[in-house]
Amino acid sequence: MGSNIMIYVVATLLACLAAFAYERRREWRWLMALAAVPLLVVAAMRWNVGTDFYRTYLPEYRALEQVRGARTPPRKVKIFSYLAKRNLFGRTPKKVCNQFKKVLHRSEPAYRLLMEGALWSGLGFRAVIAICALISTACVFCAIFRFSRWPTLATFLYVATGNYFLSLNIMRQYVAIGIGLLAVAFVTDRKPWKFLLYVAIATAFHYSAVLLLPLYALSRTELNPRRGIVVIGVALALSFVSAPAVLGALRMIESEYAKYFSSRLASDGFEWLFFAINCSFLAIGAWYWRGAVAGNRLFAVWYGMTVLGTVALAFSNTIPLMKRVNYYYAAPQFLMLPEIVLAEGNRRRRWALTAMVVVAFIAETAVSVYLLNKNGALPYRWKSAGW
């Protein structure tokens, strides 16, 4: 897998070099688009990269082909046979296909339209991958160059914090997350209708994007470090009694989410790693609070989002999939950290802090991606091999 990870290393270095060049010559605005190209190309050309690729996205698209009258029967569709042999979603290719036809009927409208367009045009599933990569990457780099005072470090951290690898896995949800990154500006500017429009677009790609709606409360209620500690403490106290009430409410409204309480996802336990990461960001953000807030008008909102993400994780021991909620709220962390570093007034300490951040996240990426292969980013593939 060594040569495979070098694809990501080279793409990250090229993106950072373009961002660095932009910092030196800001009149060369074309460098902003150039910075996005290496990571976009790697994301758009991939095939069978990401753990959700063959469990969610590809079989759903193949099910759409069957609905639209594909000549190849389900038993001869490679992905259906692959899943059936492992008894995933059904014991026969036909049952797997039928299961994903049901999933298809629940697809979000924008994503369904994207799949229909790819099928109608003859471009196939690669077009779906490429367009999702284009939207999410465009949103991320738009946020970096609009909101960050240090685009080079923010670009590096987009990859090193795992956000880029997450986008390769949960591509549909990360489109919604990317749109959410841009919507945050309307929270600070107190433009509710624009905020709601962006959330609506995000929800059209992934229904869970409605979780962005509570963020608008941060336009009037600042979750500073002291308030954040209190809110997280209360959430931890309530988490032990919340599961029965939440499950009862979901069953009353007949939500699809209720099924996760009886699935293997309910046994994941408390998300200690994500909780610890969030708390680390909150602690260092609290230390540099005044300087970071003075330096960037969005920092207080990003900090408040991290508080809300930590609140969600506080319930992870009793309510499944809370880390998926945290993905929305923790996304701006690669934008937060450069502002925290810049808030250090002493030049030597600032560069020492920068070096610590870079080394720490290189080590974190080496462990999570290279050794543990989280999100299924390795091995990198671009050939379809008949899938």
Side-chain angles (χ1 to χ4, degrees), residues 1 4 43 46-108 111-112 114-116 118-119 124-126 128-129 132 162 165-176 205-208 250 255-269 271 316 319-325 327 368-369 372-387:
M1 290 194 296
N4 277 275
R46 75 189 190 278
W47 187 266
N48 198 14
V49 173
T51 53
D52 281 0
F53 182 91
Y54 72 91
R55 288 174 176 262
T56 302
Y57 298 114
L58 182 60
E60 185 178 1
Y61 183 80
R62 296 291 183 238
L64 177 62
E65 289 179 330
Q66 294 293 315
V67 169
R68 295 291 176 246
R71 295 180 180 179
T72 307
R75 60 186 173 83
K76 291 188 178 181
V77 176
K78 186 174 181 179
I79 186 62
F80 294 151
S81 298
Y82 175 85
L83 295 173
K85 287 178 181 178
R86 288 154 181 78
N87 194 21
L88 297 172
F89 309 104
R91 292 184 179 275
T92 66
K94 186 175 180 180
K95 287 183 178 180
V96 174
C97 179
N98 290 336
Q99 183 63 33
F100 277 96
K101 284 180 181 179
K102 294 178 183 178
V103 172
L104 189 64
H105 290 310
R106 299 194 297 269
S107 292
E108 289 83 350
Y111 185 69
R112 176 63 181 266
L114 176 56
M115 288 194 294
E116 295 278 5
L119 183 59
F125 188 60
R126 283 192 178 274
V128 177
I129 297 173
C132 284
F165 300 106
L166 188 63
S167 74
L168 303 182
N169 183 17
I170 56 169
M171 65 176 189
R172 184 165 49 94
Q173 185 179 357
Y174 211 89
V175 168
F205 281 95
H206 205 282
Y207 290 135
S208 65
L250 291 170
S255 171
E256 283 288 322
Y257 182 76
K259 67 183 180 183
Y260 292 115
F261 279 80
S262 57
S263 72
R264 62 178 180 81
L265 295 172
S267 60
D268 285 349
E271 297 285 355
S316 59
I319 302 175
L321 290 180
M322 285 297 100
K323 66 180 179 181
R324 289 279 184 133
V325 177
Y327 290 158
S368 63
V369 178
L372 301 179
N373 197 19
K374 287 189 174 180
N375 294 306
L378 296 174
Y380 182 84
R381 309 177 186 88
W382 61 274
K383 293 183 179 180
S384 63
W387 285 79

Quiz item: To the nearest 0.5 Å, how far apart are CG in N373 and CZ in F165?
Solution: 10.0 Å
Self-check item: Interatomic distance, R172 atom CZ to D52 atom CG [nearest 0.5 angstrom]
Solution: 9.0 Å
Quiz prompt | Worked check of side chain to side chain contact (heavy atoms under 4.5 Å, CB included) between V128 and Y57 | solution = CA-CA 9 Å; V128 177; Y57 298 114; over 6 Å; no
Exercise. Please test W47 against F53 for side chain to side chain contact (heavy atoms under 4.5 Å, CB included), starting from the C-alpha separation and ending with a verdict.
Key: CA-CA 8 Å; W47 187 266; F53 182 91; 3.7 Å; yes
Exercise. Could you check if a side-chain atom of M322 sits within less than 4.5 angstrom of a side-chain atom of E271, using non-hydrogen atoms only?
Key: no
Quiz item: Which atoms form the tightest heavy-atom contact between N4 and P379, and what is the distance?
Solution: OD1-C, 3.7 Å
Self-check item: Residue pair S208 / H206: nearest heavy atoms and the distance that separates them
Solution: OG-ND1, 2.6 Å
Practice problem: Supply the atom-to-atom distance T51 OG1 to I170 CD1, rounded to the nearest 0.5 angstrom. | Solution: 9.5 Å
Quiz item: Does the Q173 side chain pair with the main chain of R324, one donor and one acceptor, at a distance under 3.5 Å?
Solution: yes
Practice problem: Enter the distance from S384:OG to F125:CZ here, rounded to the nearest 0.5 Å. | Solution: 12.0 Å
Quiz item: Hey, does R112 have a side-chain heavy atom less than 4.5 Å from the side chain of L64?
Solution: yes
Exercise. Could you tell me which non-hydrogen atom of E65 sits nearest to which non-hydrogen atom of L119, and how far apart they are?
Key: CG-CD1, 3.7 Å
Quiz item: Can you name the nearest heavy-atom pair linking Y207 to E108, along with the distance?
Solution: N-OE2, 3.0 Å
Quiz item: Measuring from L104:CG to N98:CG, what's the distance to the nearest 0.5 Å?
Solution: 12.0 Å
Quiz item: Minimum heavy-atom separation for N169 to N375, with atom names?
Solution: ND2-OD1, 3.2 Å
Exercise. Would you give the length of the straight line joining atom OH of Y61 to atom CD of E116, rounded to the nearest 0.5 angstrom?
Key: 9.0 Å
Quiz item: Between V49 and W382, is any pair of side-chain heavy atoms under 4.5 Å apart?
Solution: no
Self-check item: Considering all heavy atoms, the nearest K101-A63 contact
Solution: N-CB, 3.9 Å
For residues 74-89, which side-chain N or O atoms pair as donor and acceptor with protein atoms under 3.5 Å away, sequence neighbours left out?
unit_1 : atom_1 : unit_2 : atom_2 : d
K78    : NZ     : A385   : O      : 3.1
S81    : OG     : R75    : O      : 3.2
S81    : OG     : V77    : O      : 3.4
R86    : NH1    : Y82    : O      : 3.1

Quiz item: Under the salt bridge (charged side-chain N to carboxylate O under 4.0 Å, His left out) rule, what pairs show up with a residue in residues 374-387, not counting sequence neighbours?
Solution: none
Quiz item: Within a reach of under 6.0 Å around NZ of K94, are more than 12 heavy atoms found that belong to other residues, nucleotides or ligands?
Solution: no
